[in-house]
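Report on one structure; see the data block that follows.
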2 protein chains.
Amino acid sequence: METQPAVASLSALAHEVRLSTFRLLVQAGPDGLPAGEVARRLGVLPNTLSASLNVLSHAGLIASRREGRSIIYTANYDAMRELLAFLMEDCCGGSPEICAPLAAIASQCCVAEGARA
Amino acid sequence: METQPAVASLSALAHEVRLSTFRLLVQAGPDGLPAGEVARRLGVLPNTLSASLNVLSHAGLIASRREGRSIIYTANYDAMRELLAFLMEDCCGGSPEICAPLAAIASQCCVAEGARA
DNA sequence: TCCATATTTCGAGAATACAGGAAATATGCG
DNA sequence: CGCATATTTCCTGTATTCTCGAAATATGGA
């Protein structure tokens with residue numbers, strides 16, 4: 001990943017409603033959530049949320065599909081991974097032991113539970 | 001970490017010069033770099049860079065110390081870790097196998113080289 | 001003290017982001 | 001078709017951010 005798209009992603013996440021929205025969709029998994037449900041859970045007006053979804057979508061962090069009258073939004077896990085990888089990528093140039101705890105966080109978070117399955 | 005400080009950190013990073021500055025300092029390791037050196041490497045005016053450093057510092061992402069006439073800036077690795085952990089923290093609630101690759105990235109990045117030492 | 005270096009602070013104009021009201025679009029159902 | 005639901009688009013005033021020139025501050029050395 002290069003700097004410019006990373007800035008775009010970070011900008012999209014640098015907003016209370018948008019960050020909460022993204023986290024909600026990440027939690028929701030591949031099934032995603034309809035826009036209205038997100039608005040209800042976060043307590044924001046539908047049009048305000050729509051603007052937030054638009055920004056996140058434009059940055060490639062989420063995707064959408066129509067289902068009946070609802071539009072379902074889902075997190076783009078690839079984009080999330082790319083952004084995190086970009087942020088982690090530099091720390092090893094200096095001293096690996098400094099950023100090693102990041103791996104510990106990730107394995108605590110993901111592998112420990114994933115490996116158990 | 002909570003949403004509000006996370007937004008502050010993301011806002012600080014959501015800017016081309018500031019993101020590049022932060023990455024440069026992360027690469028530089030605990031010794032850090034003087035402000036002038038960062039400005040020279042990134043090709044930005046000293047006062048513009050100063051504003052960027054101020055924003056990053058205010059968000060807690062970097063720290064500074066004076067050394068003679070120079071002011072040396074260093075990355076705050078703890079803050080970086082907290083932010084990354086915050087972003088990763090939700091993915092497991094859904095499906096662990098989705099975010100497991102994050103652990104792979106982190107271990108590629110840090111542990112593989114760190115363990116070799 | 002005087003000067004050069006390193007960095008920050010101040011100020012102003014231009015550009016951009018934000019929130020929310022009102023209206024428009026799309027879908028499903030009777 | 002007519003109506004309710006779900007969501008988006010448009011609009012507008014306000015607030016914030018960004019950039020850069022000019023001036024100020026801090027340090028070290030002659």
Side-chain angles (χ1 to χ4, degrees), chain A residues 3-25 28 31-76, chain B residues 3-25 28 31-76:
Chain A
T3 301
Q4 218 170 341
V7 167
S9 294
L10 291 166
S11 291
L13 294 174
H15 182 279
E16 181 138 19
V17 171
R18 294 197 299 258
L19 181 57
S20 300
T21 298
F22 182 68
R23 282 162 65 85
L24 208 51
L25 293 179
D31 290 346
L33 288 173
E37 178 65 20
V38 175
R40 214 170 301 122
R41 292 202 200 176
L42 297 181
V44 299
L45 294 172
N47 58 351
T48 297
L49 180 76
S50 182
S52 292
L53 290 168
N54 194 38
V55 171
L56 288 168
S57 179
H58 205 262
L61 289 168
I62 63 176
S64 62
R65 63 177 192 277
R66 179 176 280 276
E67 239 173 57
R69 268 175 297 197
S70 297
I71 296 185
I72 312 289
Y73 283 87
T74 51
N76 181 348
Chain B
T3 301
Q4 216 170 342
V7 167
S9 294
L10 291 166
S11 291
L13 294 174
H15 181 279
E16 180 138 20
V17 171
R18 293 197 299 259
L19 180 57
S20 300
T21 298
F22 182 68
R23 282 163 64 87
L24 208 51
L25 294 178
D31 291 345
L33 288 174
E37 178 65 20
V38 175
R40 214 169 303 122
R41 291 202 202 177
L42 298 182
V44 300
L45 294 173
N47 58 351
T48 298
L49 181 76
S50 183
S52 292
L53 289 169
N54 194 38
V55 172
L56 288 168
S57 179
H58 205 262
L61 289 168
I62 62 176
S64 62
R65 64 177 192 275
R66 180 175 280 277
E67 238 172 58
R69 268 174 297 196
S70 296
I71 297 184
I72 312 288
Y73 283 87
T74 51
N76 181 348

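Every chain is numbered from 1, with letters handed out A, B, ... down the list of sequences.
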> In this structure, which one of A:Leu53, A:Asn54, A:Asn76 forms a side-chain contact (heavy atoms from CB on, under 4.5 Å) with A:Ile62?
Replying inline: A:Leu53
>> If you only use heavy atoms from C-beta on, which nucleotide in C:dT7, C:dT27, C:dT5 is closest to the side chain of B:Arg69?
In response: C:dT5
>> Please pick, from D:dT27, D:dT7, C:dT8, the nucleotide with the shortest atom-to-atom distance to any side-chain atom of B:Ile71.
In response: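 Comparing D:dT27, D:dT7, C:dT8 against the side chain of B:Ile71, the answer is C:dT8.
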>> So which atom in B:Thr74 and which in B:Gly32 form the shortest heavy-atom distance, rounded to 0.1 Å?
In response: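 Taking every non-hydrogen atom into account, CG2-CA, 3.6 Å.
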>> Give me the atom names and distance for the closest heavy-atom approach of A:Ala59 to A:Ala8.
In response: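 That closest heavy-atom pairing would be CB-O, 4.0 Å.
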>> Reading DNA chain C from 5' onward, which residue's closest nucleotide shows up sooner: B:Pro46 or A:Arg66?
In response: B:Pro46
What nucleic acid atoms does [X] come within less than 4.0 Å of, heavy atoms only: base, sugar-phosphate, or nothing?
X       : value
B:Ser70 : sugar-phosphate
A:Arg40 : nothing
A:Thr48 : base

Calculate the interatomic distance between [X] atom [atom1] and [N] atom [atom2]; express it in whole Å.
X       : N      : atom1 : atom2 : value
B:Arg65 : C:dT8  : CZ    : P     : 14 Å
A:Asn47 : C:dC18 : CG    : P     : 15 Å
B:Leu45 : D:dG21 : CG    : C1'   : 9 Å
A:Asn54 : C:dA17 : CG    : P     : 12 Å
A:Leu56 : C:dC18 : CG    : P     : 11 Å
A:Leu53 : D:dA6  : CG    : C1'   : 13 Å
A:Leu19 : C:dC18 : CG    : P     : 13 Å
A:His58 : D:dT8  : NE2   : P     : 15 Å

Distance test, side-chain N/O of [X] to OP1/OP2 of [N], below 4.0 Å:
X       : N      : result
A:Arg18 : C:dC18 : yes
A:Tyr73 : D:dT8  : yes
A:His15 : C:dA19 : yes

>> Using a 3.5 Å distance criterion without hydrogens, assess whether the side chain of B:Arg18 forms a donor-acceptor pair with backbone atoms of B:Ala51.
In response: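 Checking the backbone N and O of B:Ala51 against the side chain of B:Arg18, no donor-acceptor pair under 3.5 Å is found.
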>> Do B:His15 and B:Val55 make a side-chain contact, defined as non-hydrogen atoms from C-beta onward lying under 4.5 Å apart?
In response: no
